[in-house]
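To keep things clear, I will list the structure first and then write my remarks on it.
By convention in this document, chain letters (A, B, ...) are assigned in the order of the sequence lines, proteins followed by strands, and residues within each chain are numbered from 1.
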Amino acid sequence: MTQGDAVEEHEWGPAPVEVGADPTERLLAELNPPQRAAVTHGEGPLLVLAGAGSGKTRVLTHRIAYLVATGMAHPGEILAITFTNKAADEMRERVERLVGGVSRLMWVMTFHSACARILRREAPRLGYKGTFTIYDQADSLRMVKRAMNELEVDPKRFPPRTVQSQISDAKNRLIDSVEFRDQQGSFFEETVADVYEMYERRMHAANAMDFDDLLVRTVNLLELFEDVRERYQQAFRHVLVDEYQDTNRAQYRLLQLVSAIHGNLFVVGDDFQSVYGFRGADIRNILEFERDFKDTEVVKLEQNYRSTQTILSAANAIMANNRGQKEKRLWTDVGEGVPVTISELTDEHAEARYVAGEVERLATEEGVARTQIAAFYRTNALSRVLEDTLVRYDVPYQVIGGTKFYERAEIKDAIAYLNVLVNPDDAISFARIVNSPRRGIGQTTQARLLSHANTNGISPLEAAESVARVPGLGPGAVKAVSRFAEMIASLRQRSEAEPPVAGLLEAVLSESGYLDALEAERTVEAEGRVENLNELVGVAGEFDANRAVEGPSEISPLDEFLQQISLFSDQDQMRRDDELVTLMTLHNAKGLEFDVVFMIGCEEGVFPHPRSVEEGNLEEERRLCYVGVTRAKRHLYLTSARERNLYGARGYNLASRFLGEVPDQLVERQVAQSQPSGWSLGGGGLGGGVAPPQPRPAVELGVGDDVIHASFGEGIVTAVEPGSVVVVRFAGDNTERKLMADYAPLRKAS
DNA sequence: TGCTTCACCATTTTT
DNA sequence: TGGTGAAGCA
């Protein structure tokens, strides 16, 4: 907290909105009538059904500002919850713009951050230490496997991922292992119940919580301890929730608990955009809100400020095929716009060429910025052909999603070292680092350490510290383990002296031998990993700097750093400044908007996904389609391919049923003439929307040449294949790509 | 202990 | 088609 903010804190009240006249006037001036009704709502629950592009974030931020400006709430009494860090950041920023620095007193954060914050203080009540570690899905999966291993459950018959997801589902529904067992009948489920129980026990012993635990344990806390419950119920006079349709049972219960005294629950959502059912989101939470919270008022936002009427009509028509939903019809006053283009191509290559060609045509002939163009697909696998084609057409693009920074092995390793320093009970992090880098502590040794730890009720680290007492270890293993234990002990001493996190991290990386081992590899991959680790050190340095400004807090810097990054994912990696076309899954597209949207792979067998159809989730697929369609502001393209390689086999598919649900009068249809596919660029019909770049005389490239690519940057040629294809490994993202030497924007580095 | 080969299998994934 | 994970060998 800076000096300036401290001053503003004392001056809170009518925030710096307007001097003189009614301070709320300007806030309300920018709103349409239903928006205004929502913002000026008095006390009691309110459900805002906010259609796509209807200004829901505006309503939320203005509502918060309104509460502050009218004195209905002190900033410190406001809890505003989102699902993503990105949404929370955006909301905080926009609120700050409206009310100024007092926004710092508000709790504007994700469900998980809010829960983690509460649990850091209160976890001892539940028998956890305040320094608990937060496990991501991968860590949690390891723990599931470990529990299964301990119970001798065959992973062939019980896929760990399935078991994990059943446990997670149960937690999302607030069903603990005891209740889970009671409800189950089949042998399979009995076994899952066993694993669930063991998993919980081991998680607790490791002083660790998975993402679901953050919610569930907070609910437990509030239900079990009246004083804690009342404290938070009193504290949060107004509770606001974004994307309410995505809440699961645990989140629902949490909101119910936390808003019980004041009853001011303000939720904004769109049942049409509920696409996370597979993760436990329960669409009933929004459909039955009025029943669950007495005297709820409902406001519908149906005016859309994003898309043309054509696009909205298409979206409405698609959704008319779903049942059990809140009646809602989007409209706009921006006009009809151009028809939806539906194109049927011969195969995925033609489809990709079509998209690439149209992108270039739009960019060069119609002046559409490439940042305003996106392509969505149902499954990540569909991006590959499109990417290859965009490269060949020299169209710069970015892919959102994919491998995340914090999921990279080297980053997870580094964090695991820090986890062990803060939380010595953390068995999963221990396992991660004990033999990484290689120090001769192999599987057998690890298994013996672990079983010794489990039978004696101590942590693996403690077992390592008294390795002499572990039975069955050879002298070599004993020596390696005790050296490891000593190294950790010395690092822990260092961490307790509270140095900056960045310095500690550097010490960890060098003293553990991790960096040395990477450098000894002398490969491009290893180099990239070192770079990533440097980036992590940079993140830590930034954290240290911010912390120095904000002053001390009750928990240690390292602890705070770990909590922050464990709940941070780099979803907000998207760049909007460069001239890049954006590629992503339909799920990732939620909340975004683009002038031009391509939805590729609109075929039966792809979208709707056959698995969803099997499982009776067609309506959710249709909502996903709705989400995709409503991202488009001006022009929507829906493409399908008659045949496509999927999982190595050729598949022949009909166009998606969703295409048929768009009324003909809104559509301009294009059907490809049969044309050969493959490497031949251009040609007639579709896919030749724009002439491909003329072949240049081949650049003489050989293995080992350093090259520079217009969008991928520096790389090295690792192979040359017939047909003037070169394989280049790029330093930037460490991937190998096959490029057409004649077409790729590639030149030899000097 | 650790590397290599082989078989398998396969949505979506805010935290 | 390609990435992952478990058994087999040096």
Take the protein atom CE of A:Met91 and the nucleotide atom P of B:dT14, then report the distance between them rounded to whole Å. 18 Å

Please tell me whether A:Asp282 and A:Tyr252 have a donor and an acceptor in their side chains that are separated by less than 3.5 angstrom. no

I need the CD1-C1' distance between A:Ile81 and B:dT14, as an integer number of Å. 14 Å

For A:Thr444, which contact category applies under a 4.0 Å heavy-atom criterion: base, sugar-phosphate, or nothing? sugar-phosphate

When you look at CZ of A:Arg120, are more than 12 heavy atoms from neighbouring residues, nucleotides or ligands closer to it than 6.0 Å? yes

If anything within 90° of 0 is syn and all else is anti, what is B:dT11? syn

Find which nucleotide of DNA chain B each of A:Lys590 and A:Ala477 is nearest to by heavy atoms, and output the residue with the more 5' nucleotide. A:Ala477

Whole-Å distance separating the CZ atom of A:Arg142 from the C1' atom of C:dT4: 13 Å

Rounded off to whole Å, could you give me the CG-to-C1' distance for the A:Asn248 and B:dT13 pair? 13 Å

Report all interatomic pairs (protein N or O, nucleotide N or O of nucleotides 2-5 of chain B) with separations under 3.5 Å.
{"residue": "B:dG2", "atom": "OP2", "partner": "A:Asn435", "partner atom": "ND2", "Å": "3.2"}
{"residue": "B:dC3", "atom": "OP2", "partner": "A:Arg438", "partner atom": "NH1", "Å": "3.1"}

What is the distance, to the nearest angstrom, from the CG atom on A:Asp139 to the P atom on B:dT15? 16 Å

Hey, what are the protein-to-nucleotides 6-12 of chain B N/O distances that come in under 3.5 Å?
{"residue": "B:dT11", "atom": "OP1", "partner": "A:Tyr647", "partner atom": "OH", "Å": "2.7"}
{"residue": "B:dT11", "atom": "O4'", "partner": "A:His609", "partner atom": "NE2", "Å": "3.1"}
{"residue": "B:dT11", "atom": "O4", "partner": "A:Glu615", "partner atom": "OE1", "Å": "3.4"}
{"residue": "B:dT12", "atom": "OP1", "partner": "A:Asn380", "partner atom": "N", "Å": "3.1"}
{"residue": "B:dT12", "atom": "OP1", "partner": "A:Asn380", "partner atom": "OD1", "Å": "3.3"}
{"residue": "B:dT12", "atom": "O4'", "partner": "A:Arg378", "partner atom": "NH2", "Å": "3.0"}
{"residue": "B:dT12", "atom": "N1", "partner": "A:Arg378", "partner atom": "NH2", "Å": "3.3"}
{"residue": "B:dT12", "atom": "O2", "partner": "A:Arg378", "partner atom": "NH2", "Å": "2.3"}

How long is the line joining CG of A:Asp212 and P of B:dT14, in whole Å? 14 Å

If I take atom CZ in residue A:Arg161 and atom P in nucleotide C:dG3, what distance separates them, rounded to the nearest angstrom? 16 Å

is_close_aromatic(A:Phe289, A:Tyr244), centroid dist under 6.0 Å: yes

Where does the angle between the aromatic ring planes of A:His587 and A:Tyr276 fall among parallel (under 30°), tilted (30 to 60°) and perpendicular (over 60°)? tilted

A:Phe430 and A:Phe484: aromatic ring centres closer than 6.0 Å? yes

What orientation do A:Phe132 and A:Tyr128 show, parallel under 30°, tilted 30 to 60°, or perpendicular over 60°? perpendicular

Please check if any side-chain donor atom of A:Arg161 sits under 3.5 Å from a side-chain acceptor atom of A:Gln164, or the reverse. no

Are there more than 12 heavy atoms of other residues, nucleotides or ligands under 6.0 Å from atom CZ of A:Arg650? yes

Look at all strands and tell whether A:Thr445 reaches a base, only sugar-phosphate, or nothing, counting heavy atoms closer than 4.0 Å. sugar-phosphate

Of the options C:dG3, B:dT15, B:dT14, whose atoms approach the side-chain atoms of A:Asn85 most closely? B:dT15

Using whole Å, report how far CG of A:Leu567 lies from C1' of B:dT15. 7 Å

Work out how far the P atom of C:dT4 is from that of B:dT13, and round it to whole angstrom. 16 Å

Hey, is the side chain of A:Thr110 poking within less than 4.0 Å of OP1 or OP2 on B:dT14, counting only N and O atoms? no

Of the non-hydrogen atoms in A:Phe405 and A:Leu536, which two are nearest, and what is the gap between them? CZ-N, 4.0 Å

